[in-house]
K.L.:
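There's a structure below that I have some questions on.
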Protein chains: 2
Amino acid sequence: MAVHVLAVLAYKEGDRVTSAFLAGSVNTNPVIIRRLLLSLQQARLVDTCKGAGSGSRLNRSPGRINLAEVYRAVEEAEPFGTPARKPNTACPVGHCIRKELDRIFASAWKAMEQDLEKTSLADVITAVKASGACTPKKVV
Amino acid sequence: MAVHVLAVLAYKEGDRVTSAFLAGSVNTNPVIIRRLLLSLQQARLVDTCKGAGSGSRLNRSPGRINLAEVYRAVEEAEPFGTPARKPNTACPVGHCIRKELDRIFASAWKAMEQDLEKTSLADVITAVKASGACTPKKVV
DNA sequence: TAATAAGTAACCGCAGAGATTACATCTGTC
DNA sequence: GACAGATGTAATCTCTGCGGTTACTTATTA
């Protein structure tokens, strides 16, 4: 959803876009978009203004925003769930495995992050525009 | 949790272990463990028998089981959530972005998988045993 | 035959994410 | 200054998934 929103902002090339408009593209509620934009603002990816006739726009050029940044801005948790209950510390495996799993998962997450870094928002836009030939319908 | 269970099985080196015992180490309910074991059975990672005095054991040596297999056995879904609502197809971005995101996420997931493949269950056991020196308490 | 342990169904509770409504706050324009 | 347009934000609802629990069935071994 975050990538979708940023892609629309990139598509509009610096014009300010309202949360209502973005919600229309993602097909959701403006409030959901605003909550998402708050995260993106904290990550300095977008610039949002209140007031009549304003809205949000990208804070950097699409070529200088990669998807790893977007992921970090939106998903604070790692994709691996940490169980609520602590393992049984009386068991030698249970006592030590969490630390080891943390190491392994951090490494796996880093590998994924490095892959996401290879793709910029500009790449996404380029691909969307290229495959966009299939639908000449233009509403924006 | 799956790695934890498999680690205990590897720790017991071929002995059959009951779901009740595994539940004790993970600190959860035997039924949860059994449900997990069903997935691991389908992936041919463990071998489970019913009846008195039986239980589960590894189907392969720990050195020949890598964590990517474990992840695939347990998590059928990718770590990237797919929104329930379809994007607005009237928007040029909304219409084409899903296909593009699928490509990107598949690549990122593959990068993570390749990293997980580097670690075998034997590696986990070795690390656990090494750091296990901190707690001489032995209940198993 | 009895004890043991997995298979499995049914249900509860909790947490997270999106959806919705309502209201406060800020800002540009008239 | 008033008003309209837009964000910020809280409260609540629903839905889904996961773990937890109980209870019962089935299979195997002693």
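Reminder, nothing fancy here: chain letters follow the sequence lines and each chain counts from 1.
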K.L.:
Just so I know, are the side chains of A:Asn66 and A:Leu116 near enough to count as touching, which here means a heavy-atom distance under 4.5 Å?
P.N.:
no
K.L.:
Would you say D:dT7 has OP1 or OP2 under 4.0 Å from some side-chain N or O of A:Gln41?
P.N.:
no
K.L.:
Using a 6.0 Å cut-off, check whether atom CZ of A:Arg44 has over 12 heavy atoms from anything other than its own residue.
P.N.:
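Not buried by this count: 12 neighbours or fewer within 6.0 Å.
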K.L.:
Which whole-number value in Å describes the distance from A:Ile33 CD1 to D:dT9 P?
P.N.:
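Taking CD1 of A:Ile33 and P of D:dT9, I get 17 Å after rounding.
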K.L.:
Closest heavy-atom contact between A:Leu121 and A:Val3?
P.N.:
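A:Leu121 and A:Val3 have their closest heavy atoms at CD1-O, 4.4 Å.
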K.L.:
What's the CG-P distance between A:Leu38 and D:dT9, to the nearest Å?
P.N.:
6 Å
K.L.:
Given atom CG of A:Leu36 and atom C1' of D:dG8, what is their separation to the nearest angstrom?
P.N.:
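Whole-Å distance recorded here is 14 Å.
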K.L.:
Which of these nucleotides, C:dG7, D:dT9, D:dT7, is closest to any side-chain atom of B:Arg34?
P.N.:
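For B:Arg34, the side-chain atoms sit closest to C:dG7.
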K.L.:
Roughly how many Å is it from CD in A:Glu75 to P in C:dG16, rounded to a whole number?
P.N.:
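Nearest whole value for this atom pair: 13 Å.
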K.L.:
Taking CZ from A:Phe21 and P from D:dT7, how many angstroms apart are they, rounded to a whole number?
P.N.:
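Rounded to the whole Å, the gap is 12 Å.
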K.L.:
Given D:dA23, D:dG5, D:dG8, which nucleotide is nearest the side-chain atoms of B:Val31?
P.N.:
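Between D:dA23, D:dG5, D:dG8, the one nearest the side chain of B:Val31 would be D:dA23.
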K.L.:
Nearest to the A:Ile32 side chain among C:dT20, C:dA6, D:dG5, which nucleotide is it?
P.N.:
C:dT20
K.L.:
For the pair made of CG in B:Leu22 and P in D:dG19, what is the distance, rounded to whole Å?
P.N.:
15 Å
K.L.:
What is the separation between atom CZ on B:Arg16 and atom C1' on C:dA6, rounded to the nearest whole Å?
P.N.:
12 Å
K.L.:
Among C:dA6, D:dG8, D:dT29, which nucleotide has an atom closest to any side-chain atom of B:Thr48?
P.N.:
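When the side chain of B:Thr48 is considered, C:dA6 is the closest of C:dA6, D:dG8, D:dT29.
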K.L.:
Between A:Ala52 and B:Val17, which residue's closest nucleotide on DNA chain C lies nearer the 5′ terminus?
P.N.:
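Of the two residues, B:Val17 wins.
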K.L.:
Using the rule side-chain contact (heavy atoms from CB on, under 4.5 Å), only one of B:Gln114, B:Met112, B:Lys110 pairs with A:Met112; which is it?
P.N.:
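The option that passes is B:Met112.
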K.L.:
Nearest nucleotide by nearest heavy atom, which residue falls closer to the 5' end of DNA chain C, A:Asn29 or A:Cys49?
P.N.:
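Its nearest nucleotide being more 5', the pick is A:Asn29.
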K.L.:
What's the closest nucleotide to the A:Lys50 side chain, out of C:dT20, C:dT25, C:dA6?
P.N.:
C:dT25
K.L.:
How many whole angstroms separate atom CD of B:Gln42 from atom C1' of C:dG7?
P.N.:
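My rounded result for the distance is 13 Å.
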K.L.:
Quick one: is B:Thr18 getting a side-chain N or O under 4.0 Å of the C:dA5 phosphate, OP1 or OP2?
P.N.:
no
K.L.:
Just call it for B:Arg35: base, sugar-phosphate, or nothing, with non-hydrogen atoms closer than 4.0 Å on any strand.
P.N.:
base
K.L.:
Give the minimum heavy-atom separation between A:Leu37 and A:Val46, together with the two atoms involved.
P.N.:
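Shortest heavy-atom contact: O-CG2, 4.0 Å.
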K.L.:
Would you classify B:Leu37 as touching base, sugar-phosphate or nothing, given that sugar-phosphate means primed atoms plus P, OP1 and OP2, and contacts are heavy atoms under 4.0 Å?
P.N.:
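Nothing: the residue B:Leu37, judged by heavy atoms under 4.0 Å, touches no strand.
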